[in-house]
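When a residue number appears, it is its place in the shown sequence, counting from 1.
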Amino acid sequence: LVKSMKDKVKEIKKKVEKTEKKTSVLILEKGTDGFINYGADSLAGDMVNQIGGTLAKQESAVMTAEEVAEINPDVLFITYTPYLDDDEELIKEEKMDLFLQDEMFAEMNAVKNNKVIPVMLNEIFASGVRTVDGVETLAEGILSE
């Protein structure tokens, strides 16, 4: 399992390294006091770094909406957590709408370029066997045109 994960990371890193533009990435979770940024010291941030991506903010921190807009990432991943009886697609849409329906974020690159991407929390936080799923989700967002 570990070998397959390492091989997948190497494969994705080669693809990311071939891209001319270094895509800036934020991975956020909606918290009670703002947005929680997954920085380089988090599993999610390390995933981005391992595959050759660029974190728009290296430090893990709680950020205000204004700070998120100011950082202006190319790709914004927003976490979601569906529970047993939840409509997963509705949960994703609600999380994306935090950015897509708020005028404060309208000029952000990620919003303008339709690069606000939901990522299931259990793929990037205490992910275990789902780690490779998280790496693939992040890579798809970074590499997609």
Side-chain angles (χ1 to χ4, degrees), residues 1-65 67-102 105 108-145:
L1 180 63
V2 172
K3 182 184 179 329
S4 70
M5 286 182 188
K6 287 180 178 180
D7 290 346
K8 180 56 79 172
V9 167
K10 285 179 188 175
E11 173 190 327
I12 292 169
K13 187 172 186 172
K14 286 179 186 177
K15 290 178 185 177
V16 172
E17 287 173 345
K18 288 180 183 177
T19 60
E20 292 181 22
K21 183 178 184 264
K22 292 298 175 198
T23 303
S24 65
V25 175
L26 271 183
I27 305 169
L28 301 176
E29 179 178 337
K30 178 67 175 119
T32 54
D33 295 327
F35 294 96
I36 300 163
N37 177 56
Y38 286 81
D41 63 343
S42 70
L43 176 60
D46 187 57
M47 287 176 173
V48 170
N49 286 333
Q50 290 294 321
I51 62 174
T54 304
L55 290 172
K57 181 171 178 66
Q58 290 288 322
E59 305 81 24
S60 293
V62 176
M63 299 170 58
T64 65
E67 290 170 321
V68 171
E70 186 176 308
I71 287 176
N72 192 21
D74 297 315
V75 179
L76 189 146
F77 292 96
I78 183 71
T79 65
Y80 72 97
T81 306
Y83 295 99
L84 187 59
D85 292 328
D86 286 344
D87 178 337
E88 186 172 337
E89 293 306 312
L90 181 61
I91 300 295
K92 287 180 189 180
E93 187 176 315
E94 288 172 354
K95 294 298 182 171
M96 291 170 53
D97 282 350
L98 292 171
F99 298 94
L100 300 177
Q101 301 299 321
D102 188 330
F105 302 114
M108 252 179 26
N109 291 338
V111 172
K112 289 192 299 188
N113 297 318
N114 200 29
K115 298 289 281 189
V116 176
I117 301 167
V119 59
M120 192 179 305
L121 185 62
N122 66 8
E123 289 183 356
I124 61 165
F125 184 86
S127 55
V129 297
R130 293 184 188 96
T131 300
V132 74
D133 298 332
V135 167
E136 289 176 335
T137 298
L138 296 174
E140 287 172 16
I142 292 169
L143 293 169
S144 67
E145 293 298 321

Novice: Would you mind reporting whether E93 and D97 have side-chain heavy atoms less than 4.5 Å apart?
Specialist: yes
Novice: Do the side chains of Q50 and K13 get nearer than 4.5 Å, heavy atoms only?
Specialist: no
Novice: So, taking the atom named CZ in F77 and the one named CD1 in I124, what distance separates them when rounded to the nearest 0.5 Å?
Specialist: 9.0 Å
Novice: Looking at every non-hydrogen atom in both residues, tell me the closest pair between A69 and M108 and how far apart they are.
Specialist: CA-SD, 3.7 Å
Novice: Okay, side chain of K115, backbone of L76: is any donor-acceptor separation there less than 3.5 Å?
Specialist: no
Novice: Is the shortest side-chain heavy-atom distance between V25 and L138 below 4.5 Å?
Specialist: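 Contact flag for V25/L138 side chains = no.
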Novice: What I want to find out is whether K57 reaches E59 closely enough, with some N-O distance under 4.0 Å, to be called a salt bridge.
Specialist: yes
Novice: For E88, is there any backbone N or O sitting under 3.5 Å from a side-chain donor or acceptor partner on D86?
Specialist: no
Novice: If you round to the nearest 0.5 Å, how far is CD of E70 from CE of M63?
Specialist: 8.5 Å
Novice: Kindly check if the number of other-residue, nucleotide or ligand heavy atoms within 6.0 Å of NZ (K22) is above 12?
Specialist: yes
Novice: Is there a side-chain contact between I91 and T81 (heavy atoms, below 4.5 Å)?
Specialist: no
Novice: Considering non-hydrogen atoms only, spot the tightest contact between M96 and P118 and give its length.
Specialist: SD-CD, 3.4 Å
Novice: For atom NZ of K6, is the number of surrounding heavy atoms from other residues, nucleotides or ligands below 6.0 Å larger than 12?
Specialist: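 Result for NZ/K6: open.
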Novice: Using side chain to side chain contact (heavy atoms under 4.5 Å, CB included), reason through V111 and V116 one step at a time and then give a plain yes or no.
Specialist: CA-CA 6 Å; V111 172; V116 176; 3.9 Å; yes
Novice: Do other residues, nucleotides or ligands put more than 12 heavy atoms under 6.0 Å from the CG atom of D41?
Specialist: yes
Novice: Just wondering, more than 12 heavy atoms not from K14 lying within 6.0 Å of its NZ?
Specialist: no
Novice: Rounded to the nearest 0.5 Å, what separation is found between the CG atom of L100 and the CG atom of N114?
Specialist: 7.0 Å
Novice: Might you confirm whether atom CG of D87 has over 12 heavy atoms from other residues, nucleotides or ligands at distances under 6.0 Å?
Specialist: yes
Novice: Could you check if a side-chain atom of N113 sits within less than 4.5 angstrom of a side-chain atom of D74, using non-hydrogen atoms only?
Specialist: no
Novice: Just wondering, do F125 and Y38 contact through their side chains at under 4.5 Å, heavy atoms?
Specialist: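 Yes. Closest side-chain heavy atoms under 4.5 Å.
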Novice: Return the OG1 to CZ distance between T79 and F35, rounded to the nearest 0.5 Å.
Specialist: 10.0 Å
Novice: If you compare all heavy atoms of E29 against all heavy atoms of L121, which two are closest, and at what distance to 0.1 Å?
Specialist: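 Looking at all heavy atoms of both residues, the shortest contact is OE1-CD1, 3.8 Å.
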Novice: Taking the side chain as everything from C-beta on, heavy atoms only, tell me whether K8 gets closer than 4.5 Å to T131.
Specialist: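 When only atoms from C-beta onward are counted, T131 and K8 do not touch, as no gap falls below 4.5 Å.
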Novice: Report yes or no: does Q101 contribute a side-chain atom to a donor-acceptor pair with the main-chain N or O of L98 at less than 3.5 Å?
Specialist: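 Between the backbone of L98 and the side chain of Q101 there is no qualifying donor-acceptor contact (under 3.5 Å).
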Novice: Assess whether side chain to side chain contact (heavy atoms under 4.5 Å, CB included) is satisfied between T23 and T54, documenting all intermediate values.
Specialist: CA-CA 6 Å; T23 303; T54 304; over 6 Å; no
Novice: Rounded to the nearest 0.5 Å, what separates atom NZ in K95 from atom CE in M120?
Specialist: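 It comes to 13.0 Å.
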Novice: Taking atom CG of L26 and atom CG of L55, what is their separation to the nearest 0.5 Å?
Specialist: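 Between atom CG of L26 and atom CG of L55 there are 8.0 Å.
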Novice: Without swapping roles, check the side chain of S24 against the backbone of P73 for a donor-acceptor pair under 3.5 Å.
Specialist: no
Novice: Looking at A61, is its backbone amide N or carbonyl O close enough to the side chain of N37 to form a donor-acceptor pair, meaning the two atoms are under 3.5 Å apart?
Specialist: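 It does not hold such a pair.
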Novice: Answer whether the closest heavy-atom distance between the side chains of F99 and L28 falls below 4.5 Å.
Specialist: yes
